[in-house]
Amino acid sequence: MSKISKLFKGSSSSSGSSSSSSSKSKHHRSKGGPSPQEAIHRLRETEEMLTKKQEYLEKRIEQEIAIAKKHGTKNKKAALQALKRKKRLEQQLTQIDGTLSTIEFQREALENSHTNTEVLKNMGFAAKAMKQIHQNMDVDKIDDLMQDITEQQDVAREISEAISGPFGEQFDEDELLAELEELEQEDMEESMKSMGGLPSVPSSKLPSSQPSHRAKTKKRAEDDDDMNMLASWAT
């Protein structure tokens, strides 16, 4: 094999290897695909572009209507051409409306999918954290611990009841009150005996506390004399 053929073979092989490597890199990029944020951003840009085109078409339709009205029956050819352009613009506007609806639906679906993915990712992260927390916990040990705590609480309650209860002998309070009344009655009877019994009631009638008839007559006469004296001074 000549040097020229070897040279061309080497260049072809190098070019083939470079083209294969570039195709591999392209395949790798296409396999990875765009991120959800990038796709949503692209869809929003497309929506903005179509919205601007929609506004432009609406203004063009108004202009064509104005041209058709301007010519009217005076120049029917120009008026008909304006109406034809208006119809084509309306068709484009209808197509853009449908495209916008489709893009909006796709964007919302992509946003919901991205949100659900993030939610599931965070839920999985929280589940791993919870698993890590519960890894060193034994349910049987927890049950035993709770049982021990309950038993110790019962013991503490019994000790408190024993400490706060009455100490020493217990007596019936009603019996003690009855005995106290008997002692008071006996003491009263002994006091009466030492004083010689109850005092006797007098047999004679006590004088009445009301004034006698003679005293009333005397008082009335004195009052009459005073009134007569006052009358003589007045005359």
Side-chain angles (χ1 to χ4, degrees), residues 35-41 44 104-235:
S35 63
Q37 293 86 352
E38 184 180 358
I40 291 171
H41 180 68
R44 288 187 183 277
E104 184 179 359
F105 175 78
Q106 186 179 11
R107 178 179 55 78
E108 290 177 353
L110 184 58
E111 288 175 349
N112 291 331
S113 299
H114 178 62
T115 301
N116 293 333
T117 303
E118 292 296 325
V119 170
L120 291 175
K121 187 186 297 183
N122 293 331
M123 290 177 66
F125 183 77
K128 290 180 181 179
M130 189 177 295
K131 185 177 180 180
Q132 183 68 25
I133 293 172
H134 294 162
Q135 187 174 3
N136 299 325
M137 292 185 180
D138 189 358
V139 178
D140 296 332
K141 291 181 180 179
I142 294 173
D143 292 337
D144 296 338
L145 178 61
M146 296 304 297
Q147 187 175 0
D148 292 340
I149 292 174
T150 303
E151 291 177 357
Q152 294 302 320
Q153 288 178 349
D154 294 337
V155 172
R157 189 181 302 108
E158 292 177 358
I159 293 173
S160 299
E161 291 176 355
I163 293 174
S164 61
F167 183 77
E169 297 180 354
Q170 299 182 6
F171 300 97
D172 189 359
E173 188 174 355
D174 294 335
E175 292 181 358
L176 294 175
L177 290 173
E179 184 177 356
L180 180 60
E181 290 180 358
E182 291 179 359
L183 292 174
E184 290 178 351
Q185 186 67 25
E186 291 177 359
D187 188 20
M188 187 180 295
E189 291 176 356
E190 290 179 358
S191 298
M192 296 294 294
K193 289 179 180 179
S194 63
M195 292 174 63
L198 294 172
S200 58
V201 180
S203 59
S204 61
K205 186 177 181 181
L206 295 175
S208 177
S209 60
Q210 296 180 356
S212 61
H213 179 66
R214 184 180 298 174
K216 288 181 179 181
T217 304
K218 184 177 180 183
K219 183 69 169 54
R220 189 178 300 168
E222 291 177 355
D223 292 339
D224 292 339
D225 294 339
D226 293 335
M227 291 299 295
N228 293 329
M229 187 179 294
L230 292 173
S232 61
W233 286 348
T235 55

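- Here Met146 pairs with Ile142, Ile149 under the side-chain contact (heavy atoms from CB on, under 4.5 Å) rule; sequence neighbours left out.
- Partners of Leu110 according to the side-chain contact (heavy atoms from CB on, under 4.5 Å) rule, which considers only residues two or more places apart in sequence or in another chain, are Ala39, Ile40, Leu43.
- Residues Glu111 and Arg107 are paired through a salt bridge, judged by an N-O separation under 4.0 Å between the basic side chain and the carboxylate.
- Sequence neighbours left out, the pairs with a member in residues 113-129 that pass side chain to side chain donor-acceptor pair (under 3.5 Å) are Gln37-His114.
- Applying the side chain to side chain donor-acceptor pair (under 3.5 Å) test to residues at least two apart or on different chains, none of the pairs has a partner in residues 180-189.
- Here Asp148 pairs with Glu151 under the side-chain contact (heavy atoms from CB on, under 4.5 Å) rule; sequence neighbours left out.
- Asp140 pairs by the salt bridge (charged side-chain N to carboxylate O under 4.0 Å, His left out) definition with nothing, not counting sequence neighbours.
- Considering only residues two or more places apart in sequence or on other chains, Ile133 meets the side-chain contact (heavy atoms from CB on, under 4.5 Å) condition with Met137.
- Under 4.0 Å is where a charged nitrogen must lie from a carboxylate oxygen, and between Arg157 and Asp154 at least one such pair does.
- Applying the salt bridge (charged side-chain N to carboxylate O under 4.0 Å, His left out) criterion to Glu38, with sequence neighbours excluded, gives Arg42.
- Under the 4.5 Å side-chain criterion, counting only non-hydrogen atoms from C-beta, Glu179 is not in contact with Glu175.
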